[in-house]
Trainee: 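The following block contains the structure, expressed as structure tokens.
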Amino acid sequence: VRTGEFGHWWQTLGGPPTPRPRLPGAREFDVAIVGAGYTGLWTAYYLLRAEPSLRVCVIESRFAGHGASGRNGGWVSGFFTGPARVYERNGGPDAFRRLQRAMFATVDEVGSVIDAEQIDADFHKGGTLTVARNRAQAARVRANVADARAAGLSEEDMRVLETDELQAQVRVAGASCAAFSPHVARVHPARLVRGLAAAVERRGGTIYEDTPALAIAPRSVQTAHGSVTARWIVRATEGYTASLQGLRRALVPMNSSMIVTEPLPEQAWQEIGWENAQTMSDGASVYVYLQRTADGRIAIGGRGRPYRFGSRTDRAAEIPAGTVAGLQRSLDSMFPMLAGAPLAHGWSGVLGVPRDWCVSVHADAERGLAWGGGYVGEGVAASNLVGRMLGELVLGGGATAGPPWVGRRSPRWEPEPLRWMSITAVYALYRMADRLEARTGSPSRLARLVDSASGRH
Ligand SMILES: Cc1cc2nc3c(=O)[nH]c(=O)nc-3n(C[C@H](O)[C@H](O)[C@H](O)COP(=O)(O)OP(=O)(O)OC[C@H]3O[C@@H](n4cnc5c(N)ncnc54)[C@H](O)[C@@H]3O)c2cc1C
């Protein structure tokens with residue numbers, strides 16, 4: 001199995017791209033964005049669409065899409081991280097419901113920009129399945145659908161598929177039922193980020209690559225190759241934020257890892273079904289997430305080693321052998337007929353986790369500093385809405401940019417070694433809860449305890 005090398009998605013495009021030129025010394029712009037992942041690029045895109053004459057640059061330490069945006073599971077999801085109660089503190093339940101609707105609509109917004117900009121990104125909106133693989137997961141799936149209904153989501157937004165209906169769509173071993181929602185699409189992550197970068201350039205934006213920002217200050221960014229001054233500086237560094245001066249405890253880089261098979265033979269697909277390429281996960285606390293790729297592979301991801309001491313990040317998506325083996329076991333247990341199917345690639349990446357697991361968006365007009373993110377594992381679509389919000393805030397508007405995301409603040413993470421100890425313990429306990437559930441068949445109180453102690457749910 002090939003590993004690292006910035007992940008499978010870039011390998012299907014001939015390997016990571018040759019970086020664009022660096023910042024050629026001191027420059028001045030209207031808006032300077034740090035980080036060329038989805039957040040930075042969507043922000044640049046909407047700014048330039050609204051004001052084509054704006055001078056916008058994106059400063060990137062490696063190459064556009066080098067981070068999570070080029071390595072993820074490709075779920076363009078209308079759902080987002082964090083417990084409703086935290087968001088409701090900033091705007092109330094109605095604002096939260098509007099935000100949920102805005103996120104559902106964001107899946108289609110991503111699809112329509114992909115069309116309009118002719119980005120060949122394998123976008124396909126087949127919805128999503130959360131598959132219950134033991135009795136405890138089934139109980140949780142049903143409870144989650146009931147909770148969603150109580151929170152105002154309709155039968156069309158989310159419903160339970162019983163065994164027969166599920167089997168008619170996809171054959172997962174041991175699956176008794178699933179929750180289905182239509183509000184998720186599949187995408188090829190690296191094609192999307194590459195296409196977005198090109199769309200930003202077509203609209204007159206400048207992307208400097210191989211240019212790590214060392215420090216961000218009001219109206220200026222210091223890099224290894226000179227400084228950029230601008231009326232607005234937007235930080236979009238997500239899982240890498242801890243490496244910036246003064247931001248060590250803002251977001252932790254949490255790991256997620258993936259493997260992908262070689263294209264499967266037609267006969268395997270006949271056994272599995274899965275014709276509509278819904279995205280899929282199981283109902284565990286440490287869940288796995290899957291997509292059927294446009295070229296007939298299965299990509300499956302999960303947590304792996306959750307966190308590296310001191311908020312360190314990888315260089316090129318390296319993955320431990322044990323994580324590859326663990327993901328392969330998950331794949332084999334869901335689809336036993338694939339046991340021994342050849343794998344093409346394994347890789348890892350970091351996503352950004354705020355202390356309260358909730359997204360936030362900020363724009364401080366006095367200092368000319370803005371930032372957005374903290375998506376945990378659900379940033380592909382959310383970064384589009386955040387990019388639109390940041391664009392509006394920077395241009396002085398506020399239509400989409402109301403609460404609950406805007407203006408809320410997450411607490412800082414604990415200093416080390418407490419940070420490492422608590423994150424490691426949370427995932428060890430979640431894994432224990434999953435094992436207990438598989439054995440006993442009843443939803444684990446431990447999982448609920450860890451949910452509320454960690455603030456995740
Ligand atoms: C393995 C994996 C699977 C995932 N699966 C899904 C999924 O299926 N669906 C979903 O919604 N989300 C998923 N996520 C999360 C999602 O990928 C992220 O939330 C999203 O890509 C965040 O985009 P971003 O632009 O904010 O961050 P990133 O894509 O990480 O971009 C940040 C960029 O900033 C650059 N940078 C950092 N520091 C500096 C600096 N000092 N100077 C200059 N540049 C800097 C980095 O090089 C990077 O390119 C997954 C993440 C991982 C790792």
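For ligands, and for the atoms within them, numbers begin at 1 and follow the listed sequence.
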Trainee: For atom 34 (O) of ligand 1, which protein heavy atom lies nearest, and how many Å away is it?
Mentor: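 It is G35 CA, 3.2 Å.
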Trainee: If you draw a 6.0 Å radius around CD in Q245, do more than 12 non-hydrogen atoms from other residues or ligands fall strictly inside?
Mentor: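 It does not: Q245 CD has 12 such atoms or fewer within range.
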Trainee: Side chain or backbone, does E60 bring an N or O within less than 3.5 Å of an N or O on ligand 1?
Mentor: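 Between E60 and ligand 1 (N or O atoms, distance only) the closest approach is under 3.5 Å.
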Trainee: If the test is side chain to side chain contact (heavy atoms under 4.5 Å, CB included), which one of T241, T313, V353 qualifies with P253?
Mentor: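 The side chain to side chain contact (heavy atoms under 4.5 Å, CB included) with P253 is passed solely by T313 among T241, T313, V353.
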Trainee: Tell me whether ligand 1 is touched by G74 - counting only heavy atoms on the residue side and a distance under 4.0 Å.
Mentor: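 Yes, G74 has heavy atoms under 4.0 Å from ligand 1.
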Trainee: Using a 6.0 Å cut-off, check whether atom CH2 of W269 has over 12 heavy atoms from anything other than its own residue.
Mentor: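 Yes, CH2 of W269 has more than 12 neighbouring heavy atoms, counting only those of other groups under 6.0 Å.
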Trainee: If you count the atoms of ligand 1 from 1 in the order shown, which ones are under 4.0 Å from a heavy atom of L244?
Mentor: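 Those qualifying, in numeric order: 41 (N).
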Trainee: What residue and atom, counting heavy atoms only, is the protein's closest point to atom 42 (N) of ligand 1, and at what distance?
Mentor: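 Protein heavy atom with the smallest distance to atom 42 (N) of ligand 1: A213 N, 2.8 Å.
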Trainee: Is W347 touching ligand 1 with its side chain, its backbone, both, or neither, if touching means heavy atoms under 4.0 Å apart?
Mentor: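 The answer is neither; W347 stays 4.0 Å or more away.
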Trainee: So between G374, G73, S69, whose heavy atom ends up nearest atom 23 (O) of ligand 1?
Mentor: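 That would be S69.
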Trainee: Is there at least one pair of N or O atoms, one from G379 and one from ligand 1, spaced under 3.5 Å apart?
Mentor: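 Yes, there is a polar N/O contact under 3.5 Å.
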Trainee: Would a line drawn from the ring center of F63 to the ring center of W10 be shorter than 6.0 Å?
Mentor: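 Yes, they do, as the ring centres are separated by less than 6.0 Å.
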Trainee: Applying a 4.0 Å heavy-atom criterion (strictly less than), which segment of V350 is in contact with ligand 1: side chain, backbone, both, or neither?
Mentor: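 Backbone only.
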Trainee: Could you tell me whether R101 sits above the aromatic face of F96, with NZ or CZ closer than 6.0 angstrom to the six-membered ring centre and within 45 degrees of the axis?
Mentor: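 No, cation not above the ring by the 6.0 Å, 45° rule.
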Trainee: Whether R248 engages the ring of W413 as a cation-pi pair (distance to the six-membered ring centre under 6.0 angstrom, angle to the ring normal within 45°) should be assessed.
Mentor: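 That pair does not qualify as a cation-pi contact.
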Trainee: Should you measure from each heavy atom of G349, which atoms of ligand 1 turn up under 4.0 Å away?
Mentor: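 Listed by number with element: 53 (C).
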Trainee: Should one rank A68, A236, A224 by closest heavy-atom distance to atom 18 (C) of ligand 1, which comes out on top?
Mentor: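 Minimum heavy-atom distance to atom 18 (C) of ligand 1 goes to A68.
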Trainee: Run the numbers for me: atoms of ligand 1, each under 4.0 Å from some heavy atom of L351, listed by number.
Mentor: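 Near L351, the atoms of ligand 1 are 51 (C).
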Trainee: Would you call the rings of Y208 and F29 parallel, tilted or perpendicular, where under 30° means parallel and over 60° means perpendicular?
Mentor: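 Ring orientation of Y208 relative to F29: perpendicular.
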Trainee: Please verify the inter-ring angle class for Y46 with W42; under 30° counts as parallel, over 60° as perpendicular, anything in between as tilted.
Mentor: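 Aromatic pair Y46/W42 classed parallel.
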Trainee: Can you report which non-hydrogen protein atom sits closest to atom 17 (O) of ligand 1, along with the distance?
Mentor: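 Here the closest protein heavy atom is N72 CB, 3.2 Å.
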Trainee: Name the closest protein heavy atom to atom 27 (O) of ligand 1, giving the residue it belongs to and the distance to 0.1 Å.
Mentor: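 The answer is E238 CB, 3.3 Å.
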Trainee: Which atoms of ligand 1 have any heavy atom of P212 under 4.0 Å away?
Mentor: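 Listed by number with element, the hits are 42 (N).
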Trainee: How does W75 reach ligand 1, by side chain, by backbone, by both or by neither, if only non-hydrogen atoms under 4.0 Å count?
Mentor: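 Within the 4.0 Å criterion, W75 contacts ligand 1 through backbone and side-chain atoms alike.
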Trainee: Should we count CZ of R308 as having more than 12 external heavy atoms under 6.0 Å?
Mentor: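 Yes, because the 6.0 Å sphere around CZ of R308 holds more than 12 heavy atoms from other groups.
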Trainee: Between H345 and F6 (judged by ring centroids, cut-off 6.0 Å), do the two rings come close enough to count as a pair?
Mentor: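 Between H345 and F6, the centre distance exceeds or equals 6.0 Å.
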Trainee: What about F80 and Y87, are their ring centers closer than 6.0 Å?
Mentor: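 Here the rings of Y87 and F80 have centres that are less than 6.0 Å from each other.
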Trainee: Please classify the S383 to ligand 1 contact at 4.0 Å (heavy-atom distances, strictly less than): side chain, backbone, both or neither.
Mentor: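 Under 4.0 Å from ligand 1, S383 contributes no heavy atoms.
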Trainee: In the protein, what heavy atom is nearest to atom 52 (C) of ligand 1, and what distance, to one decimal place, separates them?
Mentor: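 Checking every protein heavy atom, the shortest distance to atom 52 (C) of ligand 1 gives S256 CB, 3.9 Å.
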Trainee: Taking only heavy atoms of I59, which atoms of ligand 1 are found under 4.0 Å from at least one of them?
Mentor: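 Every atom of ligand 1 under 4.0 Å from some heavy atom of I59: 43 (C), 44 (N).
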Trainee: Could you tell me which atoms of ligand 1, counted from 1 in the order shown, lie closer than 4.0 angstrom to a heavy atom of S61?
Mentor: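 Ligand 1 atoms under the 4.0 Å threshold to S61: 36 (N), 42 (N), 43 (C), 44 (N), 45 (C), 47 (O).
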Trainee: Between Q291 and ligand 1, find which residue part has any heavy-atom pair under 4.0 Å and reply side chain, backbone, both or neither.
Mentor: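 Neither part.
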Trainee: Name the closest protein heavy atom to atom 31 (O) of ligand 1, giving the residue it belongs to and the distance to 0.1 Å.
Mentor: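 Protein heavy atom with the smallest distance to atom 31 (O) of ligand 1: G37 CA, 3.5 Å.
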Trainee: Take D356 and S410 through the side chain to side chain donor-acceptor pair (under 3.5 Å) test and state the conclusion after the steps.
Mentor: CA-CA 6 Å; D356 61 2; S410 301; 2.8 Å; yes
Trainee: Return yes when atom CZ of R409 has more than 12 non-hydrogen atoms of other residues, nucleotides or ligands closer than 6.0 Å, and no otherwise.
Mentor: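 Open: at most 12 neighbouring heavy atoms sit under 6.0 Å from CZ of R409.
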Trainee: Got the closest protein heavy atom to atom 13 (C) of ligand 1, with its distance?
Mentor: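 Closest protein heavy atom to atom 13 (C) of ligand 1: G377 O, 3.1 Å.
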Trainee: Determine whether R55 and D30 satisfy the following criterion, salt bridge (charged side-chain N to carboxylate O under 4.0 Å, His left out), listing intermediate values before the conclusion.
Mentor: CA-CA 5 Å; R55 295 170 305 157; D30 296 315; 3.1 Å; yes
Trainee: May I ask you to check whether S77 has an N/O atom sitting below 3.5 Å from an N/O atom of ligand 1?
Mentor: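 Between S77 and ligand 1, no N or O pair is found under 3.5 Å apart.
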Trainee: Taking it one step at a time, do T128 and T279 satisfy side chain to side chain donor-acceptor pair (under 3.5 Å)?
Mentor: CA-CA 5 Å; T128 194; T279 61; 2.7 Å; yes
Trainee: Suppose we measure from atom 24 (P) of ligand 1 to each protein heavy atom; which comes out shortest, and what is that distance?
Mentor: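 Protein heavy atom at minimum distance: T39 OG1, 3.5 Å.
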Trainee: Considering only heavy atoms, does V34 approach ligand 1 within less than 4.0 Å through its side chain, its backbone, both, or neither?
Mentor: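 Under 4.0 Å from ligand 1, V34 contributes side-chain atoms alone.
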Trainee: Indicate yes or no: at least one non-hydrogen side-chain atom of F104 is less than 4.5 angstrom from one of F79.
Mentor: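 Yes - at least one pair of side-chain heavy atoms lies under 4.5 Å apart.
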Trainee: Below 4.0 angstrom from a heavy atom of Y38, which ligand 1 atoms are there? Numbered from 1 as shown, please.
Mentor: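 Going through ligand 1 atom by atom, the ones under 4.0 Å from Y38 are 21 (O), 25 (O).
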Trainee: With a cut-off of 4.0 Å, which atoms of ligand 1 are near a heavy atom of V380?
Mentor: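 It comes down to these atoms of ligand 1: 9 (N), 10 (C), 11 (O), 12 (N).
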